[in-house]
Amino acid sequence: MPELPEVEVVRRGLQRFVVGRTIASVQVYHPRAIRRHLAGADHFVAVLAGRRVLAARRRGKYLWLPLDSGNALLAHLGMSGQLLVLADAAPDGPHLRARFRFTDGAAELRFVDQRTFGGLDVEPLLPGEDVPVSVRHIARDPLDALFDDAAFGTAIRRRQTGVKRALLDQTLVSGIGNIYADEALWRARLHFARPTETLNRPEIGRLLSAVRAVMTLALEQGGTSFDSLYVNVNGESGYFDRSLSAYGRRDRPCPRCGTPIRRDVFMNRSSFSCPRCQPRPRRARY
DNA sequence: CACTCAACCTGCCGGC
DNA sequence: TGCCGGCAGGTTGAGT
């Protein structure tokens with residue numbers, strides 16, 4: 001489940017159903033699911049057994065559970081990863097990659113991932129910074145209280161690239177993927193190829209406000225689910241897809257001006273925008 | 001640093 | 001019915 005709102009929905013589920021519990025045993029069913037855990041599956045299983053989950057945290061699209069050992073169980077859901085809290089008796093689906101049982105014998109946690117782009121590992125938390133090693137290179141996300149708007153504005157204007165490419169760069173601002181990039185640009189009336197160095201302060205302010213607004217709304221609606229791949233820990237879909245203004249709406253009217261939404265191929269993926277509200281800049285940068 | 005491409009996977013959909 | 005290309009919410013590393 002990919003972008004920030006969907007990952008945050010999962011984090012909240014883990015907060016409610018997993019934090020405070022002690023892991024009894026772990027089973028790994030597919031080596032790719034723990035490929036980032038370089039010490040291997042046996043080690044992964046061993047360091048988790050008996051550990052208590054202290055919290056459920058997130059930065060951007062990364063999710064982690066700090067443990068009483070001082071390490072954290074880190075998860076990235078990739079394109080199709082799910083963390084599900086299910087009764088032990090619930091049948092295993094075809095894409096079950098790992099299972100976590102708890103000492104209280106209540107519902108277990110499962111990592112399910114059709115495309116196996118997601119992954120789990122256990123790693124130390126950086127002293128002082130409070131994030132796992134693998135999350136160090138990721139910028140704070142726009143819903144983080146410590147996100148620095150002014151610093152972001154300076155940094156994005158220093159880039160020599162297009163604004164959508166910048167939004168998708170997780171080292172500049174994290175949590176934004178293809179859906180919310182297109183939705184935020186539509187709200188801010190900016191074309192995806194707008195050169196970042198030409199953005200002025202009001203435009204950057206508009207852009208950040210748009211990102212936050214669309215993510216907050218999506219969160220209230222449980223995230224965006226086009227199919228059963230993107231679900232919360234209880235397997236339920238979000239319904240923000242009904243509120244999308246541009247993404248996936250090729251040839252359908254722009255909700256603001258009625259012009260048919262266009263689709264462009266950009267960075268080898270689809271970009272949706274309104275030709276009238278988001279005119280292509282004279283000098284475009286991709 | 002900016003940028004492109006390929007790779008990593010499975011499954012679904014539409015066209016032929 | 002079946003085969004094939006295109007497409008899908010992400011990240012990483014190699015190469016220019």
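Throughout, protein chains are lettered first and strands after them, A, B, ... in sequence-line order, and every chain is numbered starting at 1.
At the phosphate of B:dC9, OP1 or OP2 sits under 4.0 Å from a side-chain N or O atom of A:R32. Taking side-chain N and O atoms only, A:S270 has a distance below 4.0 Å to OP1 or OP2 of C:dA8. Distances shown here put a side-chain N or O of A:H137 below 4.0 Å from the OP1 or OP2 atom of C:dT12. Residue A:H95 has no polar side-chain atom (N or O) positioned under 4.0 Å from OP1 or OP2 of B:dT10.
Set against C:dG10, B:dC5, B:dA2, the side chain of A:N268 has B:dC5 as its closest nucleotide. When the nucleotides B:dC3, B:dT10, C:dG9 are ranked by their closest atom to the side chain of A:F226, C:dG9 comes out on top.
Rounded to whole Å, atom C1' of B:dC9 lies 8 Å from atom NE2 of A:H30. One interatomic measurement links the two molecules: CD of A:Q170 to P of C:dG9, which rounds to 14 Å at whole-angstrom precision.
The 5' end of DNA chain C is approached more closely, in terms of each residue's nearest nucleotide, by A:R115 than by the other of A:R115 and A:H76.
Looking at A:R201 and A:T154, their side chains do bring a donor and an acceptor atom within 3.5 Å of each other. Side chains of A:Q27 and A:R101: a donor on one and an acceptor on the other come within 3.5 Å.
Relative orientation of the A:Y247 and A:F272 rings is perpendicular, given thresholds of 30° and 60° on the angle between their planes.
Both thresholds, 5.5 Å between centres and 30° between ring planes, are met by A:F117 relative to the base of B:dC8, so the two rings are stacked.
C:dT1 is unpaired under the Watson-Crick or G-U wobble criterion, no partner having all donor-acceptor distances under 3.5 Å.
The closest donor-acceptor contact from the side chain of A:R263 to the backbone of A:R250 lies at 3.5 Å or more, if one exists at all.
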